[in-house]
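Read the numbers this way: they start at 1 and go in the same order the structure lists the ligands and their atoms.
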Amino acid sequence: MTEGEKTLRVLDIITAKRDGAELSESDIRQLVLDYAADRLPDYQMAAFLMAAYIRGLSLNETIALTWAMVDSGTTLDLSNITGTKVDKHSSGGVGDKTTLVLVPMLAACGLKVPKMSGRGLGFTGGTLDKLESIPGFTTSLSVDQFVQQVEQIGAAIAGQTADLVPADKKIYALRDATATVDSIPYIAASIMSKKIACSSDVILIDVKVGSGAFMKDLAQARELSNMLFAIGQSFNRKVAVAITDMNQPLGRAVGNALEVAEAIDALKGQGPSDLRELCVQLCAIILHLVEHHQSHKECIRYASTVLDNGSALEVFRKIVQAQGGNASIIDDASLLPRARIKEDVPSPKNGFIEAINCASIGKASSILGGGRERKEDTINPAVGIVIYKKLGDAVEYGERLAVVHADDVDRASTARDIIANAYSIGTHQHPAPSLVHEVISQ
Ligand code: URA
């Protein structure tokens, strides 16, 4: 095809989508692979993204988008790892330290967990940032180191290599600049392309729903979940999708080192009950996918046992040691980075906690220095928030709602205001929302 013919074909594809037509697999493939290889200018991809954002993408088109994104780079070769390889992914939340607990739990259950994670952006936190608050811990592993560690101790948690789904990185940046981030087909293709490229046999996606999540209501979360599930099936992977609540932070800690300390508490069989319950439920969903003959009840029991008998904690210790971290933090949390200032956020009145704007809590943590607005921002691992009052709790005037951990007086003051405004205190006691709303599984 000549350059002129190619330009005309690209224009035809954009026009067809603008007019609401369903595109073929080869049309979508051409756009994505040409864009990833710098053969398609930003302005044409931006036009396509906006057309498909407004007109929508069918399931077949979204599967084609996912395939093309996977094929824009390399896939991880896990053939040297024996046993069943499992992976999990969260669509992003506030105080979501589930991966830190769940990965060692799964390995303690005898599964292999090659986990590639991301960094926090905006109001959501990222697993890599949390782990890097452990002195010495590295998340930059070569593929060989990563595979060897999974084979030896059952799990590794590292950053994604640059040659894995390069199209996602480029398209995500363009979505960010063209108001096309919050499209369900784009989010589904972005998440699943990375999970497929990581090559695990079993994939669990935790779709967060609520005020601290991308998906604000159950209808949106269901649409995304059904799409994620169908994409996974089209790639012949065992997939489950859990829709879980994010109308308040998970556990009590929000902020990198604070969340590591709380995850370690959970691994010791202690810590907040919602964190433990979610990790046990998610672990059981994966165990049931792998071992269909075991009942849900048996899977729950097994998942709880690895927390209570210390075996998951021991896997976590091995992960920290293998990745260069100071494992003494497990026995002495004071060795983790600590903020200089601790300030209470007092309740302005008596009543019950009726709502928490969870994204605002994430934003407050970011303002303290615990998150980043732009990718290149550096973060302060020590700062964050500890939540004392959660949905449905009774509170008295002046009692603390939360404590801000800060290294800067001005930022502490801004964060306190944001947190105080994030709480809605009323006269009615509503029950706390259930933690797992729905599960789609095969
Ligand atoms: N998480 C991703 O990996 N991609 C998106 O587009 C949104 C959330």
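Atom CG of Asn357 and atom OG of Ser211 lie 5.5 Å apart (nearest 0.5 Å). The line from CG of Leu174 to CG of Leu49 is 5.5 Å long, rounded to the nearest 0.5 Å.
Geometrically, ligand 1 and Arg175 share a nitrogen or oxygen pair separated by less than 3.5 Å. The distance criterion of under 3.5 Å between nitrogen or oxygen atoms is met by Ser190 with respect to ligand 1.
A heavy-atom distance below 4.5 Å is found between the side chains of Gln281 and His296. Looking only at side-chain heavy atoms (C-beta outward), Val147 and Ile81 come within less than 4.5 Å of each other.
Atoms of ligand 1 found under 4.0 Å from any heavy atom of Ile187, numbered from 1 in the order shown, are 6 (O), 7 (C). Under a 4.0 Å criterion applied to the non-hydrogen atoms of Ile191, ligand 1 contributes the atoms 1 (N), 2 (C), 3 (O). Distances below 4.0 Å separate heavy atoms of Phe214 from the following atoms of ligand 1: 8 (C). Near Tyr172, meaning under 4.0 Å from any of its heavy atoms, are these atoms of ligand 1: 5 (C), 6 (O).
Cation-pi geometry between Lys170 and Tyr35 is satisfied (NZ or CZ under 6.0 Å from the ring centre, within 45° of the ring normal).
In terms of protein heavy-atom proximity, atom 3 (O) of ligand 1 is nearest to Lys194 NZ, 2.5 Å.
A donor and an acceptor atom, one from each side chain of Thr84 and Lys112, are nowhere located under 3.5 Å apart.
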